[in-house]
Amino acid sequence: MTTDTATDVFEEHRPVLLGVAYRMLGRLADAEDVVQDAWLRWSAADRAAVREPRGYLVRVTTRLAIDRLRQIKTRGETYVGPWLPEPYATDFADTVPDTAERAVLADSVSLAVLVVLESLSPLERAVFVLREAFGYPYAEIAAMLDRGEAAVRQLAGRARRHVDERRPRYDVDPAQRRDLTERFLTAAAGGDLQGLMSLLAPDVRLVGDSGGKAQAPLRVLESADKVGRFLVGAARKSGAGLSFRLMELNGGPAALVLSGDKPDSVFQLDVADGRIQAVYIIRNPDKLRALAA
C-alpha cells in the first residue's frame, strides 16, 4: 500500500474514528489528538498485514482513547461548575438516510447521554460506544480490547443498565425540538416570562457550563420558576448585539448565540411530552472555538 493510498484509506474512515473518540472523551480537541495519534500508528504499521483497515483503525483509536481517558483527572475535582461535553456539529439528517440508524447515532452523541457516560469506567464506556453507537458484535469488541467475550458482555450489560437508569427521558423528534427551540428563544430574548413558563416542564432543569470563564449558574437550577426567571434576567442583562443561528449539534437542533461574529454560547433543549425538560447552556469559550467558523 503506497503512502497516498494509506492516506486515502485513513481519510475514508476518519469520520468514524472521530465519532468513536469524541463519544469516548466528550471533547473535540482530545478526540482530534487521538485520531492524529491513530494516523501516526497507521502510517508506521505494516499495512500489508492489515486485512480490514476499518477494524484495525477503530481498534487503535479505541485503545488510544481509553489511555487518554485514564490520564484525565476526574473533571469534577478541578472543573468549576457543572461539566457538559463540547458541542459537536453533526449532520445526521443529511448523511444517514435510515431514520432508525439516525436516531441511534443522535442518541449516542446527545449531551444527556454523554454526561451519563462520564460516570462509566473507560472500559465500560468503550464497550458501550462500540456496541450501542456503532453496532460492533461482542466478539469483535473483545478482540479490540483484548478481553474475553463473556467479560465484554458483562461490561456491556453493566454500562447499559447504568445509562438507562441515569439518563433523562426525552423525545428525539427533531421537528418538535426545533419548534420548541425557536419558541423558547423568542420568549427568552423578548423577556416573556409567561410565554417561557408555558414551554417549561414544572421540574425542568437548567445546566450551565462556563468552566469559571464566563457567567453561568455554578449549580444546576431546578423548577420552571427558577429557570424561567434566570433566563429572562440573563436576556435583560445581555443587551443588544446578540444574534441566533439554529444548527444541528450533538444530533439535535441547537441555538448558537453570537456576539457580533463571535460565539457567545450554545443552547440545547431536552423535550418530552411537548414540554422542555432540560436546558443546557455552554458558555465556556474553550468549548466554542470549533464553532467559530
Could you measure the distance from the [atom1] atom of [X] to the [atom2] atom of [Y]? Nearest 0.5 Å is fine.
{"X": "Leu185", "Y": "Leu269", "atom1": "CG", "atom2": "CG", "result": "7.5 Å"}
{"X": "Ile281", "Y": "Gln268", "atom1": "CD1", "atom2": "CD", "result": "12.0 Å"}
{"X": "Leu18", "Y": "Arg23", "atom1": "CG", "atom2": "CZ", "result": "9.0 Å"}
{"X": "Leu25", "Y": "Glu32", "atom1": "CG", "atom2": "CD", "result": "11.5 Å"}
{"X": "Leu123", "Y": "Leu155", "atom1": "CG", "atom2": "CG", "result": "6.0 Å"}
{"X": "Leu57", "Y": "Glu12", "atom1": "CG", "atom2": "CD", "result": "10.0 Å"}

*For side chain to side chain contact (heavy atoms under 4.5 Å, CB included), just list the numbers for Met24 and Ile66, CA-CA rounded to whole Å, side-chain angles, deciding distance to a tenth of an Å, and then say yes or no.*
CA-CA 8 Å; Met24 285 286 298; Ile66 288 172; 3.7 Å; yes
*Given side chain to side chain contact (heavy atoms under 4.5 Å, CB included), test Phe184 with Val271 step by step and report yes or no.*
CA-CA 12 Å; Phe184 167 85; Val271 173; over 6 Å; no
Does some side-chain heavy atom of [Y] sit less than 4.5 Å from a side-chain heavy atom of [X]?
{"X": "Val257", "Y": "Phe267", "answer": "yes"}
{"X": "Val58", "Y": "Leu17", "answer": "yes"}
{"X": "Pro168", "Y": "Gln277", "answer": "no"}
{"X": "Ser210", "Y": "Asn284", "answer": "no"}
{"X": "Thr61", "Y": "His13", "answer": "no"}
{"X": "Pro253", "Y": "Glu182", "answer": "no"}
{"X": "Ser108", "Y": "Val113", "answer": "no"}
{"X": "Arg63", "Y": "Arg59", "answer": "yes"}

Of all heavy-atom pairs between [X] and [Y], which one has the smallest distance, and what is that distance?
{"X": "Pro122", "Y": "Leu69", "answer": "CA-CD2, 3.8 Å"}
{"X": "Pro85", "Y": "Leu114", "answer": "CG-CB, 3.5 Å"}
{"X": "Arg47", "Y": "Ser43", "answer": "NH1-O, 2.9 Å"}
{"X": "Ala214", "Y": "Arg283", "answer": "CB-O, 3.6 Å"}
{"X": "Gly26", "Y": "Trp83", "answer": "O-CZ2, 4.1 Å"}
{"X": "Met144", "Y": "Gly55", "answer": "CE-O, 4.2 Å"}

In terms of side-chain geometry, is the basic nitrogen of [X] or [Y] positioned less than 4.0 Å from the acidic oxygen of its partner?
{"X": "Asp225", "Y": "Arg229", "result": "yes"}
{"X": "Asp37", "Y": "Arg41", "result": "no"}
{"X": "Asp270", "Y": "Arg205", "result": "no"}

*Going through the checks in order, is the side chain to side chain contact (heavy atoms under 4.5 Å, CB included) test met by Met197 and Leu193?*
CA-CA 6 Å; Met197 294 284 285; Leu193 181 58; 4.0 Å; yes
Whether [X] side chain and [Y] backbone form a donor-acceptor pair below 3.5 Å:
{"X": "Trp42", "Y": "Ala6", "result": "yes"}
{"X": "Lys287", "Y": "Leu84", "result": "yes"}
{"X": "Ser121", "Y": "Glu124", "result": "yes"}
{"X": "Glu149", "Y": "Ala142", "result": "no"}

*Strictly by modelled atom types, are Asn250 and Tyr280 linked by a side-chain donor-acceptor pair under 3.5 Å?*
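No.
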Using a cut-off of 6.0 Å, state whether more than 12 heavy atoms not belonging to [X] lie near its atom [atom1].
{"X": "Gln215", "atom1": "CD", "value": "no"}
{"X": "Asp164", "atom1": "CG", "value": "yes"}
{"X": "Glu11", "atom1": "CD", "value": "yes"}

*How far apart are the C-alpha atoms of Asp179 and Arg183, what are their side-chain angles, what is the distance that settles it, and do they pass the side chain to side chain contact (heavy atoms under 4.5 Å, CB included) test?*
CA-CA 6 Å; Asp179 174 66; Arg183 292 161 60 192; 3.2 Å; yes
Donor-acceptor contacts under 3.5 Å from residues 126-138 side chains, at least two apart:
from	atom 1	to	atom 2	distance (Å)
Arg131	NH1	Tyr136	O	3.2
Glu132	OE1	Arg160	NH2	2.8
Tyr136	OH	Arg54	NE	3.4

_Partners meeting side-chain contact (heavy atoms from CB on, under 4.5 Å) with Lys226 (sequence neighbours left out)_ =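 Partners of Lys226 under the side-chain contact (heavy atoms from CB on, under 4.5 Å) test: Ser223.
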